[in-house]
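Note sheet for the following structure.
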Amino acid sequence: MNICHVVGARPNFMKAAPVLRALRPYAAVEQFVVHTGQHYDFNMSDVFFQQLEMPPPDVNLQVGSGSHAQQTAEIMSRFEPVVLEHRPDLVLVYGDVNSTVAAALVCAKLGIALGHVEAGLRAFDRTMPEEINRLLTDQMADLLFTPSEDGNANLAREGVSREKIHLVGNVMIDTLVRMLPAARQAIAADLPERFVLVTLHRPSNVDDPKWLGDLLEALAAIGQQIPVLFPVHPRTRQQIESRGKLHANLPGIRLLEPLPYLEFLGLQTRAAVVVTDSGGIQEETTFLGVPCLTVRENTERPITVTTGTNLLVGRDLQKLRAEVGRVLSGNAKHGCVPPLWDGHAAGRIAAVIAGKATGATSRG
Ligand code: UD1
């Protein structure tokens, strides 16, 4: 069985790494990796391959940046000939980025079997580009690997037949569990005793200059009480720079380059609280038991709120500041780790796929 993994953007790499590893022992499985090139900076891509000990991609489509339509179309037209040449038996796509839906569309058109890792997540917010990517990819997939029960319920509601759906747990946590000892070693010696860790990159937070300015001011106010460390995504950096705010008016906020996986995970383990709009970081903080304040109105990962340490602060900056204050005064929300977020999700995915390859009945 020949399996093609498609990755493209930063959050894909830590999801694909454990699946590649888990499939390796199966003699009947051959695999290759296609990188779309959606993310291309060293800090957004290559360093993840190095740290996660992933082999370099077999094919790089080098699509780069563009509008959503351009990027998606470019990935499709460059991925199609790769599929036609290699004729994989199964293509695995990850998460909800443009690379995910673009590769899925190519497979659907060519009649190639498609597996979606991290299926079924829904924010019920179609203004998010990722929500469209999730909905469409799940409609096209033949195998849907969900991280939590809510994913199964969402897919059932959308009419996806039960036998395609496999509740396997969270592959991102597989990587976290494996890398945690190394991440603790990667913690910089000069780190402040207590700090707030921030990441922001969603269009809803960074594309509107007024809102981004208000958000940065709220963070600067928090920075008067406790150091704020903020590794800045390239899209956010462009927006901050275009406002001339990068070096001015932000005392208390330490702006950093995007960090490699280990260094960022190390920071999460030591943060007093994390303020973010990322999806994956909501999950990582829940696993680590670190309080997380999500600057969004909704989340496609509700289990991090109902079970974990995550709290949605929406667009309420008073609430953001009050909740940071609550954490700093020792009254943080506590949480538990969701079922099957145990470091073995990729093994369960590999067992399902290998079961298909040999014709055996799959578990799941
Ligand atoms: C993408 C995903 C988002 C994910 C995020 C993680 C989609 C729709 N969005 O958003 O779900 O949470 O990745 O990072 O797929 N850029 C660089 N260097 C790079 C990559 C991007 O400078 O290596 C800049 C470019 O100016 C680009 C902008 O960042 O236009 C945005 O990149 P893009 O891949 O379009 O979306 P992200 O915001 O990274």
Side-chain angles (χ1 to χ4, degrees), residues 6-16 35-50 52 57 60-76 78-79 93-105 116-119 121-123 125-138 172 175 198-208 212 230-242 246 255-261 264-265 274-285 292 294-296 298-301 304:
V6 180
V7 293
R10 186 169 62 175
N12 292 156
F13 308 134
M14 49 290 234
K15 295 169 193 168
H35 190 327
T36 65
Q38 177 175 346
H39 285 175
Y40 43 86
D41 287 352
F42 180 82
N43 277 349
M44 298 293 287
S45 177
D46 305 52
V47 73
F48 288 83
F49 278 77
Q50 287 175 8
L52 301 173
N60 194 323
L61 305 177
Q62 297 189 313
V63 296
S65 302
S67 71
H68 285 267
Q70 282 167 344
Q71 196 174 53
T72 308
E74 204 59 53
I75 295 167
M76 286 183 70
R78 294 187 195 197
F79 183 53
V93 294
Y94 296 85
D96 56 15
V97 301
N98 286 342
S99 300
T100 310
V101 72
L105 271 163
H116 184 204
V117 177
E118 200 186 82
L121 299 186
R122 297 291 179 268
D125 175 1
R126 293 198 182 193
T127 64
M128 285 181 79
E130 293 82 2
E131 184 80 349
I132 305 300
N133 296 345
R134 292 178 201 118
L135 282 159
L136 295 181
T137 303
D138 285 341
M172 188 135 166
T175 296
V198 175
T199 80
L200 297 168
H201 74 279
R202 297 253 162 241
S204 59
N205 278 327
V206 306
D207 285 1
D208 170 10
L212 178 61
F230 184 1
V232 187
H233 187 284
R235 120 197 298 286
T236 311
R237 183 166 288 271
Q238 282 163 18
Q239 298 293 343
I240 298 177
E241 272 171 355
S242 68
L246 192 55
L255 297 169
L256 310 170
E257 291 301 314
L259 290 174
Y261 181 78
F264 188 75
L265 181 56
V274 176
V275 175
T276 191
D277 59 10
S278 151
I281 293 170
Q282 297 172 49
E283 300 180 334
E284 289 171 342
T285 47
C292 179
T294 298
V295 189
R296 286 175 46 190
N298 50 51
T299 177
E300 63 288 341
R301 292 157 162 97
T304 61

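Because the structure is predicted, anything quoted here is derived from the model rather than measured. Indexing begins at 1, ligand by ligand and atom by atom, following the structure's order. All values below were derived from every heavy atom in this structure, side-chain atoms included, with hydrogens, water molecules and symmetry-related copies excluded.
- The shortest non-hydrogen separation linking A123 to E300 is N-CB, 3.6 Å.
- Annotation: atom 2 (C) of ligand 1 to nearest protein heavy atom, V97 CG1, 3.7 Å.
- Heavy-atom proximity to atom 37 (P) of ligand 1, evaluated over H233, R237, Q238, Q70, is greatest for H233.
- Interface atoms of ligand 1 facing P11, defined by a heavy-atom separation under 4.0 Å, are 6 (C).
- Remark: side-chain polar atoms of T36 are paired, donor with acceptor, to backbone N or O of Q38 under 3.5 angstrom.
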**Request:** Could you go through the salt bridge (Lys or Arg N to Asp or Glu O under 4.0 Å) check for R237 and E257 one step at a time?
**Result:** CA-CA 9 Å; R237 183 166 288 271; E257 291 301 314; 3.6 Å; yes
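- Every residue meeting the ring-ring contact (aromatic ring centres under 6.0 Å, His included) condition with H35, not counting sequence neighbours, appears here in chain and number order: F13, F49.
- Per-residue contacts place H201 under 4.0 angstrom from the following atoms of ligand 1 (heavy atoms of the residue considered): 4 (C), 5 (C), 6 (C), 12 (O).
- Considering only non-hydrogen protein atoms, atom 9 (N) of ligand 1 sits nearest to E130 OE2, 3.5 Å.
- The line from NE2 of H39 to OG of S45 is 9.0 Å long, rounded to the nearest 0.5 Å.
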**Request:** Given side-chain hydrogen bond (donor to acceptor under 3.5 Å, both in side chains), test Y40 with S65 step by step and report yes or no.
**Result:** CA-CA 9 Å; Y40 43 86; S65 302; 2.7 Å; yes
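- Of all atoms in ligand 1, listed by their number and element, those nearer than 4.0 Å to a heavy atom of Q71 are 34 (O), 35 (O).
- Distances from atom 39 (O) of ligand 1 to the heavy atoms of R235, H39, Q38 put H39 nearest.
- At the top of the distance list for atom 25 (C) of ligand 1, counting protein heavy atoms only, stands S65 OG, 3.2 Å.
- Looking only at protein heavy atoms, the nearest one to atom 22 (O) of ligand 1 is P234 CB, 3.2 Å.
- Distances between N or O atoms of D41 and those of ligand 1 include at least one value under 3.5 Å.
- With sequence neighbours excluded, the residues forming a side chain to side chain donor-acceptor pair (under 3.5 Å) with R202 are E130, listed by chain and number.
- For ligand 1, the polar-atom distance check finds an N/O of N98 within less than 3.5 Å of one of the ligand's N/O atoms.
- For the atom pair CD (E131) and CG (N298), the distance works out to 8.0 Å, reported to the nearest 0.5 Å.
- Looking only at protein heavy atoms, the nearest one to atom 17 (C) of ligand 1 is Y40 OH, 3.3 Å.
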